[in-house]
Structures are given as C-alpha cells and as structure tokens.
Number of protein chains: 2
Amino acid sequence: MPVPKGATLDPARTREAILESATALLYERGLDGIGVAELCAAVGASKETLYRHFGSKDGLIEAVLENRSRRVLAWIADAAASAGAAPKARLTAVFRALATWYAAPGFRGCAIVNAAAQRHTSPATPIAARHLAGYLDLFTDIARATGVPEPEALGRQFLVLLQGATVVADHLAAPEAADTALSAALTLLEAAREPRP
Amino acid sequence: MPVPKGATLDPARTREAILESATALLYERGLDGIGVAELCAAVGASKETLYRHFGSKDGLIEAVLENRSRRVLAWIADAAASAGAAPKARLTAVFRALATWYAAPGFRGCAIVNAAAQRHTSPATPIAARHLAGYLDLFTDIARATGVPEPEALGRQFLVLLQGATVVADHLAAPEAADTALSAALTLLEAAREPRP
DNA sequence: GTGAGATCGAACCGCTCGGTTCCATCATGG
DNA sequence: CCATGATGGAACCGAGCGGTTCGATCTCAC
C-alpha cells in the first residue's frame, strides 16, 4: 500500500529519517557492505523516495558524511567550550569525550576517515580533509590560548594524537587510547609552555 | 593459448607475482574497488590460477595483508636497528622513514588499517590488531631502553603518534605530519626521562 | 473538494560481481 | 618419453548491484 493510512507526509522529516538510518548502517557495514535495496528496507522507505531525496547512492553517502562531520565537530567543540577557558581543561574535556565514544558499543573508528579509506575519491576525500581541518582549528585555538610561541605546531600535534588515538582504540579495541593521547597532549602543552634548555 | 611457449613454469613464483600485483592494486583501488576479473587481467594470470593459489578473493586479501604487514614491520624495524642503540636516534630513524613513505607518490595511508576500515571483520581485523601490536613492541623496546619508569605507557604514546601521523599525512596530504609526530615523540621522551615537579 | 505531490511496492533493466568449469596447450620431473 | 600438472582463455552461473519506471494510494495545501 503506497502511503500508509495514518502517515504524516513530511518530506523534510523523511529525508532526515533516511539520513539517520543510513548513517548508522553505512558506518557499521561499510560503504560497499550494504546495498541500496537493503538500506531502503531497513530505513522503511522505498527506493523511489530515497532516489528522489538523494539522487544516487553516492549522493546519499555525501549527505551522510557531511552531516556526520558537522555533528561530530560540533559535539567536540561543545565539549571543549563547556569546560571553560583554561587550555588544559578544554583539552581534557575533548579527550574525555573521545574516551566515551571509543568505549561505546559499536565503535568502529571515525566514520569520515573510514569512508575516505574505502573510496579515496570525491566526495569522501574532500570531506575528510575538511573534517580534519575542523579539528585542527579547534586545537590551534586551544594552543593559541596557552600563549606558546608556535600554536600551529602544537595544534598539529594534538590533531595527530586525536587521529592516532581513534585508530588505536578501534583496531586494538583499546578505549584507553584516549587517556594515552590526553596525557601526551598535556605533556606536550607543558613542554611548549616551558621549553627545556 | 594456455601456457605461453617459452614460459618458465614455477608455481611459487607465479603465486608471488600475483601477490605483488594484487597488493598494489588493492591498495590503490580499495578492496571492493576492483574485481577478480580485472585483477587477473592486470596480473596477467587466469582466474583458475588465482583461485588455485588463494582459494577465494578473501584468501587473496588475507595473503596480501599478511605479507604487507610483515614487510612493513620489518622495514620499520630495520630503520630503527640501523640507527644504533640510542633511543632518540632510533625514534628519529623510524619517523624519518615514515616521512619518505608519506611523501611517496601514490601514498594512501596504511594498507592494513585501510583494509580493516573497509571490512571490519576477519581476516582484516585480526591482522590489523597484530600489525599495531608489532609497532607497539618496537616502540616499547625503544621506551624501555631509555630507562623511564613506565616504558609501556611511553610506547603506547609513540604508537598513537605513528597512527595519527599516517592518517593526517593521508587525508590532509601533509607528509610533514611525520615531523610533527617526531618532535612530539622526542618531547615526550624527554619529559618521561625527567618528569616535572 | 480538488489537484499536486509524496510515498510504497513491485517489477524491471543492464551490468558486474565472485566463483566454477572445461579444454587445449605446454613445461617439467621421473 | 610419457604422465603429471600448471596455465590461459573463454564460456558460464546465480546473485546482487545501482538505478528506473509505473501505478495505486494516500496527505495536504489551497
């Protein structure tokens, strides 16, 4: 039966629902690990609906990744912001947030980085680049707030720690990689603040 | 024509040739980005030959990843070993080697980590875990040689830096991530050697 | 109340996938 | 010198792929 009897017809909400469901499934199965048909079945939408909203599977993937990137960056930025102004507190908040993510059931690494590993082409690659750049902005801000001579260099070190912790937490099934990265980050911050002779 | 006229019939060598060619193609195209047929055509072997040697595409992938892991770990270990006994020199040698890798044309991140990102199942996942454990052994050795109180913790920090640098170098197209990681590693080593009050 | 549009369900398309099989051909070891 | 077996080439298989189309049905804005 086309259009269930008591359904609420709202294209924007439909689109959002597909996006939500597809985000989870593409993350846990991989971009090539699930087909459009199964995706539609799980979402509860028809192929026609999906294609009208996203044009193609690649279009859906692009929307999913863009959406995910925005949300993750906002989540991390919020965690940092709600920790106050002190650089150490902000850093700690970021890696504590990551720790809960790494320990969450179903954690499979960063969806955007994973996607770029699967399809080393547009649109995944540029989205991944922007995603990392977003992290870098945040970390550079934190580094700048410490007044160290080269905040950009320190920010890049933080970014490397975040990405490395995500990979290690995933493939070694070691959520405590967040603590490893945090203690390293704090040490680097101290060292940058008071360089050794 | 089955079996070319002047061919040298050597199953072991044939297997090696397929492995070599498949390693490169699966790396640059992704595990699902190339089919068995095209793989065979590029290798110059028939499907029957490929399937006799590896049983299935998954069997081929497993052999490729296992082989790659062994070679990469040996390459990094050699770089460290040929730098002498001094921890700082060994660390520096490792990240210098990584720098040349990151800058090499066709660099696409770590093949094993990428594979595990694409297929979060056996055999990719356990191979990735062993791969990271291999790095960890090397780094823990280096950390132990410095006489710091907790060499395991320092080794884990080095591992996080390596993995993070690889991801950043790939998706930000920034080979200099190796330098970022190296300077971080050296700072962490110093700090672990002479803890601050 | 009516028309526009959203949606479902299903059938359908051409293609490619991983995998199997058969056969002619040739090198090689005994 | 002969039997074994490695190989290439091609045909073939069923399944699933991404994507399209159609018609029936229902909601909703006007």
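Note that the coordinates shown come from a computational prediction; the quantities given were computed from them, not determined experimentally. These numbers come from the heavy atoms of this one structure, side chains and all, not from hydrogens, waters or symmetry mates. Per chain, numbering begins at 1; letters A, B, ... match sequence-line order.
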What integer distance in Å separates [X]:[atom1] from [N]:[atom2]?
X: H53(A); N: dC8(C); atom1: NE2; atom2: P; answer: 9 Å
X: D32(B); N: dG18(D); atom1: CG; atom2: P; answer: 11 Å
X: L26(A); N: dC17(D); atom1: CG; atom2: P; answer: 13 Å
X: E38(A); N: dC17(D); atom1: CD; atom2: P; answer: 7 Å
X: D58(B); N: dC17(C); atom1: CG; atom2: C1'; answer: 13 Å
X: L39(B); N: dC17(C); atom1: CG; atom2: P; answer: 11 Å
X: Y51(B); N: dC13(D); atom1: OH; atom2: P; answer: 17 Å
X: F54(B); N: dG18(C); atom1: CZ; atom2: P; answer: 15 Å

Open item on the list: Run the salt bridge (Lys or Arg N to Asp or Glu O under 4.0 Å) test against E38(B) and tell me which residues pass, sequence neighbours left out.
Closed with: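 With sequence neighbours excluded, E38(B) shows a salt bridge (Lys or Arg N to Asp or Glu O under 4.0 Å) to R29(B), given in chain and number order.
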
Task: Base dG19(C) paired with K47(B) side chain (donor-acceptor, <3.5 Å) - done: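 Donor-acceptor pair under 3.5 Å: yes.
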
Task: Min side-chain heavy-atom separation V167(A)-T166(B) under 4.5 Å - done: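 SC-SC contact between V167(A) and T166(B) ruled out.
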
TODO: Report yes if a side-chain nitrogen or oxygen of S46(B) is closer than 4.0 Å to either non-bridging phosphate oxygen (OP1 or OP2) of dG9(D); otherwise report no.
DONE: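 No, no such contact exists.
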
- [ ] Examine dT7(C): is either OP1 or OP2 under 4.0 Å from a nitrogen or oxygen in the side chain of T14(A)? Give yes or no.
- [x]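 Yes, because at least one side-chain N or O of T14(A) sits under 4.0 Å from OP1 or OP2 of dT7(C).
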
TODO: Please check if the side chain of Q118(A) supplies one atom and the backbone of L31(A) the other of a donor-acceptor pair under 3.5 Å.
DONE: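 Checked: pair present.
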
Task: Ionic contact status for R144(A) with E152(A), cut-off 4.0 Å - done: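 R144(A) and E152(A): salt-bridged.
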
Open item on the list: Among dG8(D), dT7(C), dC8(C), which nucleotide has an atom closest to any side-chain atom of A45(B)?
Closed with: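 Of dG8(D), dT7(C), dC8(C), dG8(D) is nearest to the side chain of A45(B).
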
TODO: Name the residue closer to the 5' end of DNA chain C, choosing between E48(B) and K57(B) according to the nucleotide with the nearest heavy atom.
DONE: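 Its nearest nucleotide being more 5', the pick is K57(B).
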
Open item on the list: Under 4.0 Å, heavy atoms only, any strand: does G44(A) hit a base, just the sugar-phosphate, or nothing?
Closed with: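 Counting heavy atoms under 4.0 Å across all strands, the contact made by G44(A) is with sugar-phosphate only.
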
